[in-house]
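To start, the structure under review is shown below, and the notes come after it.
Start at 1 with the first residue, then count along the sequence. What you see is a predicted model; the values in this text were computed from it and never measured.
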Amino acid sequence: MITLTPADARRRMIGHLGLARPVGRGATGIRKVLERLRCIQLDPLDVIGTNADLVVMARVDGIGRGEVWRHLFPRHAFEHFAKERCILPAAAFPAYRQRGHHAQTPWWRHEVREERVPQKLIAAVLGEIAERGPIGARDLSDRGSVEPIDWSGWKGTAKATTMALEILWTRCEIVVCGRTESGAKLYDLPERALGAMATASAPEEFERWALRERVAAAGLLSRAGGSHWSMLSGLRASSLPDEMIDRGELCDVTIHGSSRRYLAVPAFLGKVRITYDDRVRILGPLDPLVWDRDLVRLIFDFDYVWEVYKPASQRRWGWYVCPLLYRDGLIGRLDARIENERLVVRRVWLDADADIALVRSALQRHAEACRCVRV
């Protein structure tokens, strides 16, 4: 077992997750980020950019809001479940296709969809995509209605064609190959969207591969339960983590001040030489650095909870508040919106020794990336 100090764990997380300085520029930089992070978590909310925008903007120069999809799709990426719904590198597709519909979070209820949509209808939707793709759900033929799935009072789609799309997407028989200007998904066959990668062989059994990928994506993956395990929750208490430690594929890590154990890939524990730039970075609420709130509290002494799903009366900070990172410290929070081509900053909370000039520079940079005319 390897024991790190909180300061060492903090530096290693920053370096491992590409937050010390830009990892690249433009389209090439975005592709490098996806390769490095293994996955970029998706969320539809677009307040100052989507979470995917914010993850990339914190690490890449010369990109704008919405360019993640333009530079990754098609060919370089697809969407599926990892840490919830994510953008994944095209190289991961063979493992997901081999795994099939089991590569999903338990709540997705794929089997219920399969029961409600006739196989002939699913085949017809696949045939239409083969003939007309890439194509959005709205442009596919209407094939009537279906009983929607009830998500604790919120109803899913009642359109048979859309539910068939969800089934085909889960099976990896189609992929999301891009987004429209409005953010709507475009679907196509994997062979067209991903090229040779669509028919490549999976490298090994899915569980071993997926656990290694998740540990690499997290930096330090707590062996305690939590949302950072997501679709791999069933592996957490299995024999696989210890087996992979015994084989040298993963490392067993603790941090001074905590009894909790973490998993890391060997490369995470290699020599660390980090050179920081002088930027303040606006992090997305689902950035991998803040996936594990307990770890953030332990190594950054920073309590971050995304309050978007809390009732207004229970929020301490606000609806869509983002952490601010400077070098190896979380120095504050930002509550902002994009309104009428302006980045409107409602409130900023900063540590007493934070440099306000660097924060202003970060806001100006972000405004320009989001094509705002002023802050």
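- When only modelled atom types and interatomic distance are considered, Asp355 and Tyr326 share no side-chain donor-acceptor pair under 3.5 Å.
- When the shell of 6.0 Å around CZ of Arg371 is examined, it contains more than 12 heavy atoms from other residues, nucleotides or ligands.
- At a threshold of 4.5 Å between non-hydrogen side-chain atoms, the residues Cys370 and Met57 count as touching.
- Checking side-chain atoms of Asp246 against main-chain N and O of Glu243 turns up no donor-acceptor pair under 3.5 Å.
- Between the Arg214 side chain and the His228 main chain, a donor and an acceptor come within less than 3.5 Å of each other.
- Side-chain contact, Glu166 with Trp108: no donor N or O sits under 3.5 Å from an acceptor N or O.
- The main-chain N or O of Leu324 is never found under 3.5 Å from a side-chain atom of Arg281 such that the two would form a donor-acceptor pair.
- The shortest distance between side-chain heavy atoms of Ile167 and His110 falls below 4.5 Å.
- Checked by atom type, the side-chain pair Gln314/Glu307 shows no donor-acceptor distance below 3.5 Å.
- Applying the 6.0 Å contact sphere to CD of Glu191 captures more than 12 heavy atoms from other residues, nucleotides or ligands.
- One N or O on the side chain of Arg365 and one on the backbone of Val280 form a donor-acceptor pair closer than 3.5 Å.
- Under the 4.5 Å side-chain heavy-atom criterion for Ile, Leu, Val, Met, Phe, Trp and Tyr, Ile2 and Leu263 are members of the same hydrophobic cluster.
- Not one N or O on the side chain of Arg260 forms a donor-acceptor pair closer than 3.5 Å with the backbone of Arg223.
- A donor-acceptor pair under 3.5 Å is absent between the side-chain atoms of Asp351 and the main chain of Ala354, judged by distance alone.
- More than 12 heavy atoms of other residues, nucleotides or ligands sit less than 6.0 Å from atom CD of Glu368.
- Other residues, nucleotides and ligands place more than 12 heavy atoms under 6.0 Å from the CZ atom of Arg297.
- A parallel orientation is assigned to the rings of Trp169 and His80, their planes being inclined by less than 30° (bins at 30° and 60°).
- Taking the six-membered ring for Trp and the full ring otherwise, the centers of Phe81 and Tyr96 sit at least 6.0 Å from each other.
- Taken to the nearest 0.5 Å, the CD atom of Glu67 stands 11.0 Å off from the CG atom of Leu72.
- Side-chain contact between Ile48 and Leu343 is present, with heavy atoms from C-beta onward closer than 4.5 Å.
- A donor-acceptor contact shorter than 3.5 Å is absent between the side chain of Trp319 and the backbone of Tyr309.
- The distance from the CD atom of Glu79 to the CZ atom of Arg85 is 5.5 Å, given to the nearest 0.5 Å.
- Annotation for Asp150: atom CG counts as buried by contact number, over 12 foreign heavy atoms lying within 6.0 Å.
- In this structure, the side chain of Ser238 does not engage the main chain of Gly234 through any donor-acceptor pair within 3.5 Å.
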Yes or no on side chain to side chain donor-acceptor pair (under 3.5 Å) for Asp8 and Thr5, after CA distance, side-chain angles and deciding distance? CA-CA 5 Å; Asp8 192 19; Thr5 66; 5.1 Å; no
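- For residues 127-148, the pairs satisfying salt bridge (charged side-chain N to carboxylate O under 4.0 Å, His left out) are Arg116-Glu147, Glu128-Arg132, Glu128-Arg143, with sequence neighbours left out.
- With hydrophobic clusters built from ILVMFWY side chains whose heavy atoms lie under 4.5 angstrom apart, Tyr320 shares a cluster with Phe302.
- Residues Leu221 and Val215 approach most closely at CD2-CG2, 3.7 Å, considering heavy atoms.
- Relative ring orientation between Trp154 and Trp151 is described as tilted, the plane-to-plane angle lying within the 30° to 60° band.
- Between the NZ atom of Lys83 and the CD atom of Gln41 there is a distance of 3.5 Å, given to the nearest 0.5 Å.
- Val290 and Val321 are members of different hydrophobic clusters when ILVMFWY side chains are connected at heavy-atom separations under 4.5 Å.
- Remark: side-chain polar atoms of Arg59 are paired, donor with acceptor, to backbone N or O of Val55 under 3.5 angstrom.
- Checked by atom type and distance alone, the side chain of Arg97 never pairs as donor or acceptor with a backbone atom of Ala92 at under 3.5 Å.
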